[in-house]
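Note that ligands are numbered from 1 as they come in the structure, with each ligand's atoms numbered from 1 the same way. Bear in mind the structure is a predicted one, so any value in this text is a computation, not a measurement.
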Amino acid sequence: MRVDDSQTTDTIAAIATAVAPGEGSVAIVRISGPEAEGIGRQLFAAPGQQVWETHRVLYGHVVDPASGERVDEALLLLMRAPRSFTRETVVELHCHGGLVAVQRVLELVLAAGARRALPGEFSQRAFLNGRLDLTRAEAISEMITARSRRAAQLAMAGIDGGLQQRIGTLRERLLDQLAELEARVDFEEDLPALDAAAVVAELDAVRAALQQLVAEARQGELLRHGLRVAIVGRPNVGKSSLLNLLSQRQKAIVTDLPGTTRDLLESELVLDGVPLTLLDTAGIRPTSDRVEQLGIARSREALAAADAVLLLFDLSAGWTPEDAALRALAPEGAVLLVAGNKADAAALPVGLVPPDDGARAPADVSFSAVSGAGRDELVAELLRRCGAGSLEGVQVALNARQRDLAGAAAVSLEASLEAAAQQLPWDFWTIDLRTAVRCLGEITGAEVSEAVLDRVFSRFCIGK
Ligand code: GDP
């Protein structure tokens with residue numbers, strides 16, 4: 001299916017680059033659709049003998065046709081259909097960055113007849129025109145939102161078609177079996193007998209592969225969205241010092257802002273390729289030492305929002321009842337790492353603490369936030385306990401939408417296999433098999449409804 005530059009679609013436009021005051025030396029207004037070139041010609045004055053040819057850059061000015069005012073100096077890139085991202089004619093105006101000029105340019109483009117693009121609408125057109133399958137389109141969106149180099153690598157594997165290939169192949173294998181089965185439903189007598197055991201083996205193999213992908217999705221999730229780790233501990237155990245230590249080494253603090261809805265500090269950093277949001281209760285300074293005033297309510301909030309809890313205590317002061325009270329707050333089943341700080345002051349070795357070490361039994365790791373000793377062990381152990389310790393091998397990973405569909409396909413295959421085990425007639429095998437095929441088609445976009453597409457693309461950013 002290809003939508004060409006006929007009147008079947010309108011022309012859309014958006015700013016394709018990030019818009020921030022005083023930032024970005026270049027900003028791009030992207031126009032796609034049948035009117036793109038006409039709008040470009042109407043607004044862009046290219047001096048001299050420059051030729052309007054596809055895939056050629058023109059130099060000139062964006063001019064307000066009403067007043068003749070030069071709005072910005074710019075480059076214009078024309079990409080005629082179908083050789084563009086959307087496979088429609090695309091015009092890009094490369095203007096100066098910042099806020100004002102680029103927005104003026106967009107307004108002129110809209111006034112000249114384009115419509116403001118919805119989030120993800122360029123990508124949606126690329127998909128509808130057969131330029132991309134759905135997994136690649138989603139991977140592009142993930143590339144833009146990637147918060148670590150590993151997450152970007154994962155997105156790139158998706159853009160390269162790694163996921164499309166994996167899922168597409170599994171779907172083909174199911175379609176082969178479905179064709180065999182459906183043929184038997186209609187023409188059993190005319191065909192050679194079906195090797196039921198071989199069908200079962202194939203369905204089971206695909207089911208196992210899907211389950212494997214679902215299991216690996218968790219790791220992709222960690223790389224994409226990172227972990228929320230609550231740091232809790234009595235006052236002065238070294239929570240701020242640990243935060244400083246972690247952020248210094250990484251030099252990767254993206255934001256450091258007071259929690260918007262509560263008195264928590266949130267810091268974002270990347271540790272060993274995994275984006276982490278640290279929820280820090282260090283700003284909470286109770287007036288006395290009493291357990292009730294430890295800011296337990298706030299600690300509870302941090303704990304409730306976290307994937308993992310990092311409980312610090314002071315090795316030089318020893319394990320106290322207050323530490324025990326905080327440990328008891330960790331939600332059931334949450335990942336908990338108890339780390340003893342100030343190993344230097346307590347003259348203790350740093351690193352992993354053996355479980356049979358009676359003296360410091362409550363600690364899983366010991367470290368010194370001041371000297372940095374034991375820092376690597378602390379990070380490695382935290383990531384390991386969160387299931388993020390072995391992410392090196394992850395090549396492709398399903399996102400949440402894809403994971404749910406792959407999971408549903410695996411469940412349907414189980415139902416098919418159950419029908420097989422009960423030796424039901426072929427058409428009982430095919431019902432759930434067809435559902436599994438449809439689920440996988442929804443991942444790649446081979447079989448997908450408009451409503452699903454709208455939902456997928458609405459999560460993209462504007463201009464993509
Ligand atoms: P918070 O209240 O938990 O955030 O604790 P801080 O990070 O503010 O640290 C409290 C005090 O402990 C400060 O004076 C730090 O210098 C000190 N401190 C933190 N970590 C260490 C450590 O590893 N060794 C020693 N000797 N002192 C530390």
Side-chain angles (χ1 to χ4, degrees), residues 227-253 255-259 262-269 271 276-306 308-330 334-353 357 359-382:
L227 286 167
R228 292 172 71 80
V229 178
I231 303 187
V232 295
R234 291 188 301 120
N236 289 320
V237 296
K239 298 182 292 298
S240 312
S241 307
L242 174 62
L243 257 180
N244 286 340
L245 175 72
L246 293 177
S247 49
Q248 266 166 25
R249 260 288 269 284
Q250 287 288 318
K251 297 208 189 311
I253 283 207
T255 53
D256 195 351
L257 32 106
R262 45 185 92 113
D263 296 329
L264 290 173
L265 283 173
E266 290 195 7
S267 307
E268 304 211 346
L269 56 149
L271 293 179
L276 289 193
T277 303
L278 295 178
L279 309 168
D280 168 31
T281 54
I284 301 163
R285 301 276 168 191
T287 49
S288 93
D289 255 9
R290 304 195 33 230
V291 176
E292 292 78 19
Q293 288 166 316
L294 281 172
I296 280 187
R298 291 180 186 125
S299 297
R300 248 190 234 283
E301 283 182 38
L303 294 172
V309 177
L310 177 58
L311 172 64
L312 297 195
F313 75 100
D314 182 343
L315 285 168
S316 67
W319 180 255
T320 69
E322 288 91 337
D323 299 317
L326 282 170
R327 183 172 62 178
L329 289 178
V335 172
L336 171 70
L337 183 69
V338 180
N341 185 27
K342 310 194 189 180
D344 56 311
L348 292 169
V350 294
L352 289 179
V353 178
D357 184 334
R360 298 181 295 279
D364 301 310
V365 290
S366 62
F367 72 106
S368 165
V370 163
S371 75
R375 179 254 180 221
D376 292 349
E377 288 86 348
L378 172 74
V379 169
E381 185 62 11
L382 180 66

Original post:
Judging by distance only, is a nitrogen or oxygen of A345 under 3.5 angstrom from one on ligand 1?
Top reply: no
Original post:
Would you say G238 has any N or O atom under 3.5 Å from an N or O of ligand 1, going by distance alone?
Top reply: yes
Original post:
How would you list, by chain and number, every residue that makes a side chain to side chain donor-acceptor pair (under 3.5 Å) with D344, sequence neighbours excluded?
Top reply: S368
Original post:
Between R234, K342, K239, which one has a non-hydrogen atom sitting closest to atom 17 (C) of ligand 1?
Top reply: K342
**OP:** Could you tell me whether N341 approaches ligand 1 through its side chain, its backbone, both or neither, with non-hydrogen atoms closer than 4.0 Å?
**Re:** side chain
Original post:
Would you say G233 touches ligand 1, if touching means a heavy atom closer than 4.0 Å?
Top reply: no
Original post:
In a check of side chain to side chain contact (heavy atoms under 4.5 Å, CB included) between D364 and each of V338, L378, L310, which one passes?
Top reply: V338
**OP:** Grab the two heavy atoms, one from L246 and one from R375, that are nearest each other, plus how far apart they are.
**Re:** CD2-NE, 3.9 Å
**OP:** Indicate yes or no: does an N/O atom of P235 lie under 3.5 Å from an N/O atom of ligand 1?
**Re:** no
**OP:** Output all residues satisfying side chain to side chain donor-acceptor pair (under 3.5 Å) with T320, sequence neighbours left out; order by chain, then residue number.
**Re:** R234, E322, D323
Original post:
Under 4.0 Å from any heavy atom of D344, which atoms of ligand 1 are there?
Top reply: 22 (C), 23 (O), 24 (N), 25 (C), 26 (N)
Original post:
Only one of L329, V232, L337 clears side chain to side chain contact (heavy atoms under 4.5 Å, CB included) with L311; which?
Top reply: V232
Original post:
Which of these, T277, L278, L276, sits in a side chain to side chain contact (heavy atoms under 4.5 Å, CB included) with R228?
Top reply: T277
